[in-house]
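To find a chain, count down the sequence lines: A is the first, B the second, and so on, and within it residues start at 1.
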Amino acid sequence: MEELGKVKKIRDLMCGRFTLYDFSKSKLNIKRKVIPNYNIVPNSNVLVIDRNNRITQVKWGISVSWSKKINIINARSETLDEKKIFSKTQRCIFLANGYFEWKRDKVKTPYYHTFRNNMLYFAGIKNGDEACIVTRQSYSNTNIIHERQPVILDYLDFDKWFLKNHNFECLNTKNLLIFRVSTEVNNPRNNTINNILKK
DNA sequence: CCAGACGTTGTT
DNA sequence: GTCTGG
DNA sequence: CCAGACGTTGTT
DNA sequence: GTCTGG
């Protein structure tokens with residue numbers, strides 16, 4: 001697995017309001033150029049930090065040998081330690097500038113969740129070069145859109161996460177900006193900045 | 001023993 | 001493929 | 001999830 | 001751009 005950078009260089013990644021970083025089309029040095037991806041879908045390439053503070057590229061979604069249908073893109077924090085399928089995974093941290101969630105009424109309306117000035121760090125677990133996002137019950141502000149959300153880590157809590165001392169609380173959730181975006185994001189082929197602009 | 005599960009969210 | 005509950 | 005349709009029969 | 005069948 002190619003090392004793409006160190007955590008201390010994290011600011012270098014913040015050169016756009018991307019959803020997650022995608023290096024699928026070329027092997028790029030983070031410091032030079034990043035291909036923005038405004039519509040990450042399962043099996044996309046994403047960047048994670050591993051427990052050695054290395055940034056690596058992995059596939060979003062953990063597959064299993066015995067089924068082609070199962071592609072695990074989320075893991076419930078409530079049962080993370082019970083599920084045998086996660087027993088051999090390692091903890092990691094997803095780099096993101098935000099995430100989409102759909103409010104489901106009669107129709108599905110997409111919303112974007114982001115911080116004003118900072119990246120988002122999602123609690124994740126990985127198995128080799130595949131990883132998934134750890135989720136939890138939403139807080140009062142995110143629950144308006146959807147009942148589940150990623151566990152969003154603070155930069156200072158990275159070690160807690162890697163050492164399994166993190167309790168899945170993420171009070172930083174209250175600082176999220178949440179706004180409606182165009183339904184263009186519903187189609188993975190639409191991969192432009194319009195996906196994350198306030199509608 | 002062995003049938004049935006094995007993970008989540010309904011995409012993101 | 002491997003574990004587990006009945 | 002995600003490829004393929006989304007129309008019809010002129011044509012294939 | 002959005003829905004659906006597998």
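Between the side chain of A:Tyr155 and the backbone N or O of A:Tyr121, no donor-acceptor pair lies under 3.5 Å. In terms of modelled atom types and a separation under 3.5 Å, the side chain of A:Thr135 and the main chain of A:Pro150 share no donor-acceptor contact.
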Contact letters for nucleotides 3-8 of chain B, in which S counts primed atoms plus P, OP1 and OP2 and B counts the base, heavy atoms under 4.0 Å: ---BBS

Side-chain donor-acceptor pairs under 3.5 Å in residues 82-89 of chain A, sequence neighbours left out?
unit_1, atom_1, unit_2, atom_2, d
A:Ser87, OG, A:Lys84, O, 2.7
A:Thr89, OG1, A:Phe86, O, 2.6

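Note that the OG1 atom of A:Thr114 and the CZ atom of A:Phe100 stand 10.0 Å from one another [nearest 0.5 Å].
Across B:dG7 and C:dT2, the matching C1' atoms stand 16 Å from one another, rounded to whole Å. D:dC2 and B:dT9 are spaced 16 Å apart, taking the C1' atom of each and rounding to whole Å.
The two residues A:Glu130 and A:Val58 make their nearest non-hydrogen contact at N-CB, 4.3 Å.
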Criterion salt bridge (Lys or Arg N to Asp or Glu O under 4.0 Å) on A:Arg148 and A:Glu101, from CA distance to verdict: CA-CA 9 Å; A:Arg148 306 289 299 176; A:Glu101 198 55 85; over 6 Å; no

Side chain to side chain contact (heavy atoms under 4.5 Å, CB included) assessment of A:Lys103 paired with A:Tyr111: CA-CA 7 Å; A:Lys103 185 178 174 70; A:Tyr111 286 80; 3.7 Å; yes

Nucleotide-level pairing of DNA chain D, given in dot-bracket where Watson-Crick and G-U pairs need both distances under 3.5 Å and | marks other strands: ||||||......

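The one candidate from A:Tyr112, A:Phe94, A:Phe122 that meets the side chain to side chain contact (heavy atoms under 4.5 Å, CB included) condition with A:Tyr99 is A:Phe122.
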